[in-house]
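Below, chain A is the first sequence line, B the second, and so on; all start at residue 1. Side chains are part of it too, since the values below use all heavy atoms of this structure and drop only hydrogens, waters and symmetry mates.
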2 protein chains.
Amino acid sequence: MPDAIPVLRSAKPGAEASAERPAYDLIELFFFAYRDFVSDPDRILDEYGFGRAHHRVLHFVDRQPGLTIAELLDILRITKQSLNRVLKELIEKRFIESRMGTSDRRQRLLHVTPQGHDLALKLAKLQTRRIARALTDLDSAAKESVTRYLLSLIDPDDRSHVERLVFGSAKV
Amino acid sequence: MPDAIPVLRSAKPGAEASAERPAYDLIELFFFAYRDFVSDPDRILDEYGFGRAHHRVLHFVDRQPGLTIAELLDILRITKQSLNRVLKELIEKRFIESRMGTSDRRQRLLHVTPQGHDLALKLAKLQTRRIARALTDLDSAAKESVTRYLLSLIDPDDRSHVERLVFGSAKV
DNA sequence: GAGATATGTCAACAACGCTGACGTAAATAA
DNA sequence: TTATTTACGTCAGCGTTGTTGACATATCTC
């Protein structure tokens, strides 16, 4: 019986804009999905004595060979002291190499070692498997919807920066 | 010039299943989106001397009045010691009330106070605003795609549990 | 009454954020 | 050339939030 009665869809008429019903579904699904999404790599990272912070550093250095410390700090939004703690371990354990900059010798250009690349790829594939499984339920247009949704959740100031980082150097 | 040449879409023919290209786009967008999504409430929580752990507890108690400790532990997947630390503060500061169970007097039934509800709602609306903004770019079908995608990212064992929690007690 | 269950608590520790201060080398401006 | 700024490293200390292990108490169930 569709539209038998014109139901008061958005609560009382007196309710103003601030009375919009919270999007509990998307808020909570985001929480649970992210929780499980990051939990996959944890088991493997444990074997190496690494944590999630190491994963993030390794991931972005693998993706952007030659990344500088300043650029990495900008991506991760943490302090250099926090970064240095985990980066030092990744270098000591030979997962990342730090080379002096060529044009500017104050910079450190970060690169993964073959061992570092293997681990980064292993972790990325784990997460890709979960993503692929989730996408099989959906049609091809849906993937673009998801991509655009996630991108739009990002702070507007950062969005183009992230776009370049994620989709490559191609000017968007 | 679509399909002018049948391009080798998935790399070399010798490549097996394990050679699937990692979904770097969705991996990284998920990271950045979640980072910004949880950052909104931080500013407000700071004013109350609360952190993200407090937020999560307050949120689920607000959503599920009468929640027990055991149920909350199951949702958050942390230890009771970790939970107790933040829950104690929320109770001391009168954002949550703990009432003795009626049928089972060992249980603690958790409820938000009016003050607790106000804060929970305020934070939920903040996050809702970001979500609403992201959804405006998309058509109505897209929201369902996003919902189903997030749900499918969750561990299969937990999925129906989360569905009940998120979409209400209605048997799905 | 015995044992299982729901919760609370003490103590110690680990990961990973933070601030603040200080040092060094290299690039750049004056 | 000297002065300043920039890029990075490091020491020290602290806060939040997760962990393990052990133990106490009240209550329910058998």
Side-chain angles (χ1 to χ4, degrees), chain A residues 31 34-35 38-39 41-61 66-93 96-110, chain B residues 31 34-36 38-39 41-61 66-93 96-111:
Chain A
F31 165 72
Y34 194 78
R35 183 192 66 178
V38 297
S39 79
D42 282 355
R43 296 173 264 273
I44 293 170
L45 290 163
D46 251 19
E47 299 168 14
Y48 294 83
F50 292 147
R52 288 179 187 176
H54 300 83
H55 183 194
R56 290 192 284 268
V57 171
L58 182 64
H59 174 95
F60 286 109
V61 173
L67 206 62
T68 67
I69 301 290
E71 288 166 342
L72 192 45
L73 288 176
D74 195 47
I75 290 170
L76 299 175
R77 293 238 194 108
I78 59 177
T79 59
K80 64 177 171 180
Q81 295 90 328
S82 290
L83 171 59
N84 210 262
R85 187 162 36 202
V86 295
L87 182 57
K88 204 193 288 183
E89 290 172 5
L90 285 164
I91 292 173
E92 278 167 5
K93 292 189 181 173
I96 287 183
E97 269 179 26
S98 171
R99 306 178 193 158
M100 197 178 4
T102 48
S103 64
D104 185 336
R105 308 201 309 172
R106 291 171 304 177
Q107 294 182 328
R108 302 286 173 259
L109 307 184
L110 302 173
Chain B
F31 166 72
Y34 194 78
R35 181 192 68 177
D36 289 350
V38 296
S39 78
D42 283 353
R43 296 173 263 273
I44 292 171
L45 290 163
D46 251 18
E47 299 169 14
Y48 294 84
F50 292 146
R52 289 179 188 176
H54 300 85
H55 183 194
R56 291 192 282 269
V57 170
L58 183 64
H59 174 94
F60 285 109
V61 172
L67 207 61
T68 66
I69 302 289
E71 287 165 343
L72 192 46
L73 287 176
D74 196 47
I75 289 170
L76 299 175
R77 293 238 193 108
I78 58 177
T79 59
K80 65 177 172 180
Q81 294 91 327
S82 290
L83 171 58
N84 210 261
R85 188 161 37 205
V86 296
L87 182 56
K88 206 192 289 182
E89 291 172 5
L90 285 165
I91 291 173
E92 278 166 4
K93 292 189 182 172
I96 285 182
E97 269 179 25
S98 171
R99 305 179 192 156
M100 196 175 12
T102 47
S103 65
D104 185 335
R105 308 202 312 175
R106 291 170 303 179
Q107 294 182 327
R108 301 289 171 257
L109 307 184
L110 303 173
H111 295 263

Partner of B:Val57 by side-chain contact (heavy atoms from CB on, under 4.5 Å), out of B:Ile78, B:Leu67, B:Ile75, B:Val86: B:Val86

Separation between CG of A:Leu73 and OG of A:Ser82, rounded to the nearest 0.5 Å: 9.5 Å

Any A:Arg106 side-chain nitrogen or oxygen under 4.0 Å from OP1 or OP2 of C:dA25: no

Sugar-phosphate, base or nothing in reach of A:Arg85, heavy atoms under 4.0 Å: base

Distance, rounded to the nearest Å, where A:Ile69 contributes CD1 and C:dT24 contributes P: 20 Å

Non-hydrogen side-chain atoms of B:Arg85 and B:Gln81 separated by less than 4.5 Å: no

Gap between atoms CD and C1', on A:Glu71 and D:dA7 respectively (whole Å): 12 Å

Any B:Thr79 side-chain N or O less than 4.0 Å from OP1/OP2 of D:dG18: no

Spacing of B:Gln107 atom CD relative to C:dA6 atom P, expressed in whole Å: 7 Å

Under 4.0 angstrom between B:Ser82 side-chain N/O and D:dT17 OP1 or OP2: no

Gap between atoms CD and P, on A:Gln81 and D:dC11 respectively (whole Å): 12 Å

Side chain proximity check, A:Ile69 to A:Gln107, heavy atoms < 4.5 angstrom: no

Contact under 4.0 Å: B:His54 side-chain N or O vs D:dT16 OP1/OP2: no

Minimum-distance nucleotide (side-chain atoms of B:Arg52 versus D:dT17, D:dC8, D:dT19): D:dT17

Which nucleotide in C:dC18, C:dT7, D:dA7 has an atom nearest any side-chain atom of B:Arg108: C:dT7

Sugar-phosphate, base or nothing in reach of A:Ser103, heavy atoms under 4.0 Å: sugar-phosphate

N/O (side chain, B:Arg56) to phosphate O (OP1/OP2, D:dG18) under 4.0 Å: yes

Touch class at under 4.0 angstrom, heavy-atom based, for B:Lys88 against every strand present: sugar-phosphate

